[in-house]
Protein chains: 4
Amino acid sequence: MSTSNSHPRFNSLEELRGALRRLAAERDWDQLHCPKNLAIALSVEAAALLEHFQWMAEDDSARLSPELHAKVREEIADVLLYLVRLADRLDVDLLAAAGEKSDLNARKYPVDKARGSSRKYTEL
Amino acid sequence: MSTSNSHPRFNSLEELRGALRRLAAERDWDQLHCPKNLAIALSVEAAALLEHFQWMAEDDSARLSPELHAKVREEIADVLLYLVRLADRLDVDLLAAAGEKSDLNARKYPVDKARGSSRKYTEL
Amino acid sequence: MSTSNSHPRFNSLEELRGALRRLAAERDWDQLHCPKNLAIALSVEAAALLEHFQWMAEDDSARLSPELHAKVREEIADVLLYLVRLADRLDVDLLAAAGEKSDLNARKYPVDKARGSSRKYTEL
Amino acid sequence: MSTSNSHPRFNSLEELRGALRRLAAERDWDQLHCPKNLAIALSVEAAALLEHFQWMAEDDSARLSPELHAKVREEIADVLLYLVRLADRLDVDLLAAAGEKSDLNARKYPVDKARGSSRKYTEL
């Protein structure tokens with residue numbers, strides 16, 4: 001792997017968004033990067049990430065080898081890149097949207113009712 | 001929609017990660033939230049997002065109605081929530097990983113060769 | 001659920017393909033049903049199927065309640081419908097393609113080397 | 001590509017199911033092939049199929065080059081293999097389930113109301 005100082009270090013999602021916007025603009029990708037295509041790419045990358053776990057026992061999935069961890073980390077990055085692009089094209093503020101949704105989830109699954117159970121988690 | 005001050009406003013991915021960590025810990029979800037299951041959930045939410053675009057012409061996908069925009073925004077938030085959880089469980093620094101990957105992409109698709117073409121984009 | 005004799009009973013993939021072709025033609029869906037859109041729909045339905053298993057322990061996934069089994073069965077049907085439509089639009093003979101691929105898999109994972117291990121299964 | 005007579009030619013989904021059942025049994029894959037894992041694999045393969053279309057204009061997706069057509073055909077086969085395995089593990093009769101679902105769709109989207117429109121298609 002490369003050393004960390006050979007790469008740009010983004011300090012925020014806004015900085016990342018700006019860098020991806022320039023990357024796409026310089027390459028004339030704005031038509032390719034319509035929301036429909038970005039949503040496809042996001043889904044494709046999420047599945048590529050999932051592929052690494054498909055035959056793995058659940059317990060093993062928290063103990064990846066360094067090689068596999070590096071691959072998974074790269075797929076996670078791909079998902080974030082497309083998510084940031086898609087949110088940018090749709091004028092969605094990612095942190096604001098996530099704040100609202102996590103608040104909604106906290107209310108939907110009250111602590112005293114949601115403990116541990118997957119049934120409750122999904123059917124509460 | 002609710003007003004923004006009724007929800008927690010996260011100022012960074014770290015704050016969001018901390019909030020989601022507490023949400024899961026309080027509900028005993030740490031076993032459910034093994035990386036394998038989170039990768040499944042991420043993929044399922046990415047597909048739920050994609051579903052909104054599936055029969056839509058590409059050009060229309062940049063001009064969503066307010067109702068559809070609100071739904072898409074919520075699905076985008078769901079994807080981010082699971083992505084942040086998954087990265088947390090695997091000790092992946094999202095912005096660092098994204099910085100490395102976007103730098104890699106910039107080198108992989110040089111400006112003068114990548115202009116506009118989807119063929120070049122994918123097969124360069 | 002409805003009794004089986006209230007529905008058409010297809011005796012082969014060809015009969016199903018013919019019925020879906022008529023269904024689409026009568027509704028002017030041929031433009032909507034371009035291969036790109038059908039591939040999206042297929043992926044979306046496969047994820048909707050996967051959603052039912054996302055928080056489930058692996059062992060439990062072979063023992064579904066009758067209610068959940070009925071839902072999963074319907075999602076499986078949706079995946080097949082889109083797969084048959086997509087194959088039809090691309091002039092792919094499903095059984096011939098599957099025969100070639102399963103034969104390839106049998107050679108790729110020889111019995112004496114592939115026993116049981118998921119590592120071998122994926123990295124042989 | 002190989003000639004068709006070098007591969008087994010399945011005459012029905014039942015024959016394909018039988019062959020896949022033997023392939024898995026001989027390799028001790030029955031535990032790996034729990035419904036949860038097969039549903040993951042199905043979703044991963046559907047996304048691998050979708051990947052070929054992700055930056056393609058909708059009209060182009062019906063006119064694939066021979067090389068790309070061969071790749072897409074192989075991904076379609078993979079989706080069918082996992083779908084047949086999953087249906088087998090859950091005792092789902094694919095053609096019966098598809099017959100019921102296509103009948104349901106025909107009633108849900110009556111010819112006179114569904115013509116052409118994607119809005120109607122999804123929101124009828």
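Below, read A as the first sequence line, B as the second, and so on, with proteins coming before strands; counting in each chain starts at 1.
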Q: Please check if the side chain of A/R89 supplies one atom and the backbone of B/A62 the other of a donor-acceptor pair under 3.5 Å.
A: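 No, A/R89 side chain to B/A62 backbone: no donor-acceptor pair under 3.5 Å.
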
Q. Any donor and acceptor pair, going by atom type alone, linking the side chain of A/R73 with main-chain N or O of B/D93 inside 3.5 Å?
A.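 No; zero donor-acceptor contacts below 3.5 Å.
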
Can you tell me how far the [atom1] atom of [X] sits from the [atom2] atom of [Y], to the nearest 0.5 Å?
{"X": "B/L86", "Y": "A/I76", "atom1": "CG", "atom2": "CD1", "result": "4.0 Å"}
{"X": "A/K36", "Y": "B/E58", "atom1": "NZ", "atom2": "CD", "result": "5.5 Å"}
{"X": "B/R85", "Y": "A/S102", "atom1": "CZ", "atom2": "OG", "result": "12.0 Å"}
{"X": "A/E14", "Y": "B/S12", "atom1": "CD", "atom2": "OG", "result": "10.0 Å"}
{"X": "B/D103", "Y": "A/F10", "atom1": "CG", "atom2": "CZ", "result": "8.0 Å"}
{"X": "A/N105", "Y": "B/L20", "atom1": "CG", "atom2": "CG", "result": "8.5 Å"}

Q: Answer whether the closest heavy-atom distance between the side chains of B/L49 and A/L42 falls below 4.5 Å.
A: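 B/L49 vs A/L42: side chains touch.
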
If I measure from the heavy atoms of chain A, does [X] come under 4.5 Å with its side chain, its backbone, both, or neither?
{"X": "B/L81", "answer": "side chain"}
{"X": "B/D60", "answer": "neither"}
{"X": "B/L16", "answer": "side chain"}
{"X": "B/L83", "answer": "side chain"}
{"X": "B/V72", "answer": "side chain"}
{"X": "B/L38", "answer": "neither"}

Can you see which heavy atom on [X] is nearest to which on [Y], and at what distance?
{"X": "B/F53", "Y": "A/P35", "answer": "CE2-CB, 3.9 Å"}
{"X": "A/A46", "Y": "B/A46", "answer": "CB-CB, 4.1 Å"}
{"X": "A/A77", "Y": "B/A97", "answer": "CB-O, 3.4 Å"}
{"X": "B/R27", "Y": "A/A106", "answer": "NH2-O, 3.2 Å"}
{"X": "A/L80", "Y": "B/A98", "answer": "CD2-CB, 3.9 Å"}
{"X": "A/S61", "Y": "B/L90", "answer": "O-CD2, 3.9 Å"}

Q: Tell me, out of A/A57, A/A24, A/A87, A/A96, who's got the most heavy-atom pairs with chain B below 4.5 Å.
A: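 Going by pairs under 4.5 Å, I would pick A/A96.
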
Q) Does any heavy atom of chain B fall under 4.5 Å from the side chain of A/A19, the backbone, both, or neither of them? A)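 No part of it gets close to chain B.
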
Q: Mark yes when over 12 heavy atoms from residues, nucleotides or ligands other than B/Q31 sit less than 6.0 Å from its CD; otherwise mark no.
A: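 At most 12 heavy atoms, drawn from other residues, nucleotides or ligands, come within 6.0 Å of this atom.
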
Q: Evaluate the side chain to side chain contact (heavy atoms under 4.5 Å, CB included) criterion for residues B/L95 and A/E15: first the C-alpha distance (whole Å), next the side-chain angles of each, then the deciding distance (0.1 Å), finally the verdict.
A: CA-CA 10 Å; B/L95 285 175; A/E15 283 187 26; over 6 Å; no

Q) Of the listed residues (B/D59, B/N37, B/D78), which shares the most heavy-atom pairs with chain A below a 4.5 Å separation? A)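 Option with the top pair count is B/D78.
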
